[in-house]
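Below you'll find the structure, written out as C-alpha cells, and then a few comments.
These numbers come from a predicted model, not from an experiment. Numbered from 1 within each chain, the chains take letters A, B, ... in sequence-line order.
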Number of protein chains: 2
Amino acid sequence: METDNATPRWLTEDEQCAWRTHLAVNRLLTYQLEKDLQPFGLTYNDYEILVNLSESESLRMRMSDLATATLQSKSRLSHQITRMENAGLVRRENCESDRRGLYAVLTDEGLATMQKVAPHHVASVRKHYIDLMTPEALATLRATLGPIADHLHAQRGKA
Amino acid sequence: METDNATPRWLTEDEQCAWRTHLAVNRLLTYQLEKDLQPFGLTYNDYEILVNLSESESLRMRMSDLATATLQSKSRLSHQITRMENAGLVRRENCESDRRGLYAVLTDEGLATMQKVAPHHVASVRKHYIDLMTPEALATLRATLGPIADHLHAQRGKA
DNA sequence: ATCCATTGGTTCAGTATTCAACTTTCTAGG
DNA sequence: CCTAGAAAGTTGAATACTGAACCAATGGAT
C-alpha cells in the first residue's frame, strides 16, 4: 500500500528549469523539423517510416515490426501506411511465411523521395540540434540519456 | 542561392546514435507521463493548462498568452479549453480592458484536480527522468539544452 | 474623425489519431 | 486432429488537430 498523502518531493528550482528546458526543446524541435519537411509534402511520421524501410533488407518491413520501431499503435500505423500507399510511397505485400502478416514495401517513388529529402532533413537536424553542441557535450548527452531510454523501454512493457 | 546538390554532411555514427536516443527518450517519456496521468482522466495537454493557470495571478490567463506559453495554435487551444470547460476544470471569462479578449480561468474543481494530481505527476517526472541522473548530469544537460531552446525559440518567429 | 492593418478569438471542413470490435491465421495442449 | 488462445492486421466510430476563413475590437496613421 502506497502512502498517497506523503509530502511530495517537489522539484528544486534547478530541476524545474532543466525539466522545462527539456520540454521546450522537444516541442520546438519537433515543430521545426516538421516545418522543414513540409515543403516536400512529408510529415515527420512519413519520413520516419521511409527511414525505417530504406534501412531494411529488401526495403520492406512487417507491419508489426514497423509499429514497434516507430512506437505507434497497430491501428495508427495501418492508417498511416494506407495514406502513404495512396501517395505512392509504399505498397503492401503479403507475407508467405505467415499468412496473417503483411509487409510494407518501399516503392521506387518512395525510395526516390527518401533520397531527395534525406539531405535536407539531416541538414535540419544539424542546424537545429547537433551542430549546436560541442562533440563532448553530445557525448555527455548521449551518456546521460542512454540509460533513461533503457529505463523507459523496460518500463514500457509493464502493466 | 544554395547549392542543393552539395554532398550532405551525414551524421557520424555517434551523432546518429545520440540523435536517436534523443528521439526515443522524448517519445517514450511522453508516452509514460501520459500514461501516469490517465488514471486521473487528464491528458498531458490538460495538465499543462492546469499548471499554467494555477501559477498565474488570479488563476487566469488570456487565451493567447496561454497559447504562446503552451506552444499551441490558437485554434487548438480554443478546442482544448472548450473540452476542459465541459469537464468543469476551467471557465471562460470576458476581459474588460480588451473586449476582444477572453480569460481562461481555473475553476475550484480545476484547482482541486490540480492539487490532487500534481504530486503524482511530479513523482512520475522524477521516476522516469530527473532521478535517473546525477545532479551534475542534470546541470550539464540544462547547460547544453538551454542554448538550443533559445535558438529554437528565435527560429520560431521566422518565415 | 476615419480608415485600415493587427490582434484576439472562434468556427468549419478536412485530416489524423484513438480505442474497441472484428477476421484470419498461427500455436500449443490435450 | 481439435480446440482455445494469442498474434497480425484492419475497420469504423468517436475524438482531436490543423489551417484557412471569418468576425469583432483595437490602435495608429492621416
What is the distance, to the nearest angstrom, from the [atom1] atom on [X] to the [atom2] atom on [N]?
X	N	atom1	atom2	result
Tyr31(B)	dT18(C)	OH	C1'	13 Å
Tyr44(B)	dT18(C)	OH	C1'	21 Å
Met61(A)	dA8(D)	CE	C1'	15 Å
Leu66(A)	dT10(D)	CG	P	11 Å
Glu96(A)	dA8(D)	CD	P	18 Å
Leu77(A)	dA7(D)	CG	C1'	16 Å
Glu85(B)	dG9(C)	CD	P	14 Å
Ile81(B)	dG9(C)	CD1	P	11 Å

Problem set entry | Heavy-atom donor-acceptor pair, Asn52(A) side chain to Glu48(A) backbone, under 3.5 Å |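 Side chain of Asn52(A) to backbone of Glu48(A), a donor-acceptor pair under 3.5 Å: yes, one is there.
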
For this session: Output yes when a side-chain donor or acceptor of Arg142(A) lies under 3.5 Å from a complementary backbone atom of His22(B), and no otherwise.
Result: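 Checked: no pair found.
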
Exercise. Which one of Arg83(B), Met114(B), Met84(B) satisfies the side chain to side chain contact (heavy atoms under 4.5 Å, CB included) criterion with Leu89(B)?
Worked result: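 Testing Leu89(B) for a side chain to side chain contact (heavy atoms under 4.5 Å, CB included) against Arg83(B), Met114(B), Met84(B) leaves exactly one candidate, Met84(B).
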
Do any side-chain nitrogens or oxygens of [X] fall under 4.0 Å of OP1 or OP2 in [N]?
X	N	value
Arg62(A)	dA7(D)	no
Lys74(B)	dG9(C)	no
Arg92(B)	dG9(C)	no

Exercise. If you look at every strand shown and take non-hydrogen atoms under 4.0 Å, does Asn45(B) touch a base, only sugar-phosphate, or nothing?
Worked result: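 Sugar-phosphate contact only - Asn45(B) comes under 4.0 Å of backbone atoms but never of a base.
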
Exercise. For DNA chain D, whose closest nucleotide is more 5', that of Asp98(B) or that of Leu102(A)?
Worked result: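 The residue closer to the strand's 5' end, by nearest nucleotide, is Leu102(A).
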
For this session: Could you pick out which residue, Arg99(B) or Arg76(A), lies toward the 5' side of DNA chain D when each is mapped onto its nearest nucleotide?
Result: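 Nearest nucleotide further toward 5': that of Arg76(A).
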
Exercise. Could Glu15(B) and Arg9(B) be called an ion pair, given the rule that one side-chain N must be under 4.0 Å from one carboxylate O?
Worked result: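 Judged by the 4.0 Å cut-off on N to carboxylate O distance, Glu15(B) and Arg9(B) do not form a salt bridge.
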
Problem set entry | First of Arg100(A) and Met63(B) reached from the 5' end of DNA chain C, by closest nucleotide |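 The residue mapped nearer the 5' terminus is Met63(B).
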
Exercise. Does the base of dG9(C) carry an N or O that pairs as donor and acceptor with the side chain of His79(B) under 3.5 Å?
Worked result: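 Donor-acceptor pair under 3.5 Å: no.
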
For this session: Look at the side chain of Ser75(B) and the base of dT11(C), then say whether one donor and one acceptor between them are separated by less than 3.5 Å.
Result: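 In this structure, the two groups form a donor-acceptor pair.
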
For this session: Only counting residues at least two apart or in another chain, list the ones meeting salt bridge (charged side-chain N to carboxylate O under 4.0 Å, His left out) with Asp65(A).
Result: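 Asp65(A): no salt bridge (charged side-chain N to carboxylate O under 4.0 Å, His left out) contacts found.
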
